[in-house]
Amino acid sequence: MRLIVILILTFSVSIAAVACGGGGGGEAAGAGMKQVVAAFYPLAFAAAEIGGAGVDVKNLTPPGAEPHDLEVSPRDVAAVRDADLVLLLGHGFQPQLEDAVGAGDNVVRLLDTPGLEVHSNDDPHVWLDPVRYAKVVDRIGQALGKQSAVDNLEKRLMDLDSEFRAGLADCERNEIVTSHEAFAYLAERYGLEQVAITGLSPEAEPEPGKLQDVVNLVRSRGVTTIYFETLVSPRIAETVARETGAKTAVLNPIEGLTGEQAASGEDYFSLMRMNLAALRAGLGCS
C-alpha cells in the first residue's frame with residue numbers, strides 16, 4: 001500500500017510539472033523554446049542575444065563564480081542531457097564539465113571554430129578580442145539557425161572594435177601589467193604588450209623571480225597602473241603596486257558577472273567599454 005501511494009504521488013507531481021511547463025524552461029519551455037546550455041557567461045550572452053525569445057539559455061556558471069573552478073552538479077548533468085544545444089569553450093578550459101558532457105551532435109566546442117586562430121598555449125580568452133568573438137558568435141548562430149540576429153550582433157562587435165582602435169590609438173604607454181594572463185588576444189588586436197604576473201590560471205602563484213621581474217619592469221618603464229580582475233583576489237596586483245608606487249585598477253576578463261553586475265544589468269558590451277576606459281586611463285591615452 002505504501003508503494004502504491006508513493007507511485008501515485010510521484011505520478012501526480014510529474015503531471016503537474018508538465019502542466020506548468022516544468023523541466024527547467026518554465027512556461028515558455030512548454031511552448032517549444034529551444035533549450036540551450038552554455039558553460040559560462042560569454043557563451044550564454046551570445047546565445048541569448050542571438051536566440052532571443054526563441055531560446056531558453058541556462059548558464060552553468062552562476063554569477064560571482066570563477067568558471068575555471070566549476071564543479072558539475074547532478075542538476076547540471078540533467079540540464080545537459082535535456083538540452084537541444086550545449087555550448088562549451090573546450091581545450092580544457094572547464095575540464096570537469098567537458099568530461100561530463102562528452103561528444104554529441106548537439107555539443108559545440110567553440111575554440112574549434114574555423115579561423116579563430118587560438119594561440120599555441122590554448123589561451124581561452126578569445127572573447128576579449130571583439131573580432132575573434134564575432135567568429136564565435138557566427139558559430140553559435142549557425143547552431144541556432146539565426147543568421148539575421150548574428151548579423152546584428154556582429155555589427156555591434158565591429159563597432160566595439162572601432163571604439164577600441166580609436167580609443168587606444170594615441171597612448172603614452174602600451175604595457176598592460178595584469179595579475180592574470182587573460183588579455184593576450186586583446187593586446188594583440190590593439191598593439192599592446194601584456195605583462196602578466198601569473199599564467200593562464202587566475203589562482204596560480206607567480207613563478208620564482210617573476211614578481212621581482214615585473215616590479216623591475218614597472219619601475220623601468222614608468223608603468224602607472226597594475227590591473228586586477230573582479231572574480232579573484234587582487235592580492236598579487238596589490239603587492240606589485242605597493243612595491244612600485246603604482247595604483248591598481250580593474251581590467252575585467254569577463255569570464256562571468258558578479259551578482260551586483262547581473263542585478264544592475266551590466267553585460268559584455270558595458271564591461272568591455274569599462275575595460276576601454278580603464279586602459280585609456282592607465283596608458284595615458286589622449
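- Partners of E260 according to the side-chain contact (heavy atoms from CB on, under 4.5 Å) rule, which considers only residues two or more places apart in sequence or in another chain, are T258.
- Of the residues listed (T224, L251, V223), the one engaging V177 in a side chain to side chain contact (heavy atoms under 4.5 Å, CB included) is V223, and it is the only one.
- Transitive grouping of hydrophobic side chains (ILVMFWY, heavy atoms separated by less than 4.5 Å) keeps L88 and I140 in distinct clusters.
- Minimum heavy-atom separation, P124 to Y185: C-CE1, 4.4 Å.
- A heavy-atom distance below 4.5 Å is found between the side chains of D267 and S270.
- By the 4.5 Å heavy-atom criterion applied to side chains, C285 and L168 are counted as neighbours.
- Taking the side chain as every heavy atom from C-beta outward, V80 and L60 approach each other to under 4.5 Å.
- A donor-acceptor distance shorter than 3.5 angstrom exists from the side chain of E98 to the backbone of G92, with no hydrogens or angles considered.
- In this structure, V250 is not a member of the same hydrophobic cluster as L279, with clusters built from ILVMFWY side-chain heavy atoms closer than 4.5 Å.
- A side chain to side chain contact (heavy atoms under 4.5 Å, CB included) with T61 is found for one member of H68, Q94, E66 and no other, namely Q94.
- Using a 4.5 Å heavy-atom cutoff, the side chains of H119 and V126 are not in contact.
- Cluster membership for L231 and L97, using ILVMFWY side-chain heavy atoms within less than 4.5 angstrom, is not shared.
- Screening residues 274-284 for side-chain hydrogen bond (donor to acceptor under 3.5 Å, both in side chains), with sequence neighbours left out, gives no hits.
- R173 places a side-chain N or O within 3.5 Å of a backbone atom of G282 that can act as its donor or acceptor partner.
- Counting heavy atoms from C-beta on, the side chains of R132 and E188 come closer than 4.5 Å.
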I'd like to know whether F40 forms a ring pair (Phe, Tyr, Trp, His ring centres under 6.0 Å) with F93, so could you lay out the CA-CA distance, the side-chain angles of the two residues, the decisive distance to 0.1 Å, and finally the verdict. CA-CA 10 Å; F40 72 123; F93 177 67; 4.9 Å; yes
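- Every residue meeting the side-chain hydrogen bond (donor to acceptor under 3.5 Å, both in side chains) condition with E229, not counting sequence neighbours, appears here in chain and number order: H180.
- Side-chain contact between K58 and D56: absent, with no pair of heavy atoms (C-beta onward) separated by less than 4.5 Å.
- Remark: the backbone N or O of Y268 is paired with a side-chain donor or acceptor of Y41 at under 3.5 angstrom.
- Annotation: side chain of L85 is not in contact with side chain of V55 (no heavy-atom distance under 4.5 Å).
- Under a 3.5 Å cut-off, the side chain of N106 and the backbone N or O of A83 do form a donor-acceptor pair.
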From CA spacing to verdict: side-chain contact (heavy atoms from CB on, under 4.5 Å), M274, E266: CA-CA 10 Å; M274 290 180 193; E266 301 291 355; 3.3 Å; yes
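- Identified under the side-chain hydrogen bond (donor to acceptor under 3.5 Å, both in side chains) test for residues 230-251, with sequence neighbours left out: E205-R235.
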Enumerate, atom names and distances included, each donor-acceptor pair closer than 3.5 Å involving a side-chain atom of residues 152-160, sequence neighbours excluded.
unit_1 : atom_1 : unit_2 : atom_2 : d
K155   : NZ     : D159   : OD2    : 3.1
R156   : NH1    : E49    : OE1    : 3.1

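- Considering every non-hydrogen atom in both M33 and D84, the closest pair reads O-OD2, 4.2 Å.
- In terms of modelled atom types and a separation under 3.5 Å, the side chain of Q96 and the main chain of V72 share a donor-acceptor contact.
- Atom CZ of R273 sits in a crowded spot, with more than 12 heavy atoms from other residues, nucleotides or ligands closer than 6.0 Å.
- Clustering ILVMFWY residues whenever any of their side-chain heavy atoms sit less than 4.5 angstrom apart, transitively, puts V195 in a cluster other than the one holding L192.
- Looking at R189, its side chain never comes within 3.5 Å of a backbone N or O of P130 through a donor-acceptor pair.
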Run the numbers on Q261 and L271 for side-chain contact (heavy atoms from CB on, under 4.5 Å), then give the verdict. CA-CA 9 Å; Q261 288 167 342; L271 295 178; 3.8 Å; yes
Any chance you could lay out the side chain to side chain donor-acceptor pair (under 3.5 Å) test for H125 and E181, step after step, and finish with the verdict? CA-CA 9 Å; H125 302 90; E181 191 180 356; over 6 Å; no
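- For S148 and D151, the side-chain atoms include no donor-acceptor pair closer than 3.5 Å.
- The side-chain heavy atoms of D138 and Q147, taken from C-beta on, include a pair separated by under 4.5 Å.
- The hydrophobic clustering, which links ILVMFWY residues whose side-chain heavy atoms are closer than 4.5 Å, places V131 and V118 together.
- For E207, the side-chain hydrogen bond (donor to acceptor under 3.5 Å, both in side chains) criterion is met by no residue, not counting sequence neighbours.
- Looking at every heavy atom in both residues, N174 comes nearest to G191 through ND2-O, 3.7 Å.
- Side-chain atoms of D161 and Y190 form a donor-acceptor pair, as typed in the model, at a separation below 3.5 Å.
- At least one donor-acceptor pair under 3.5 Å links the side chain of Q194 to the backbone N or O of F183.
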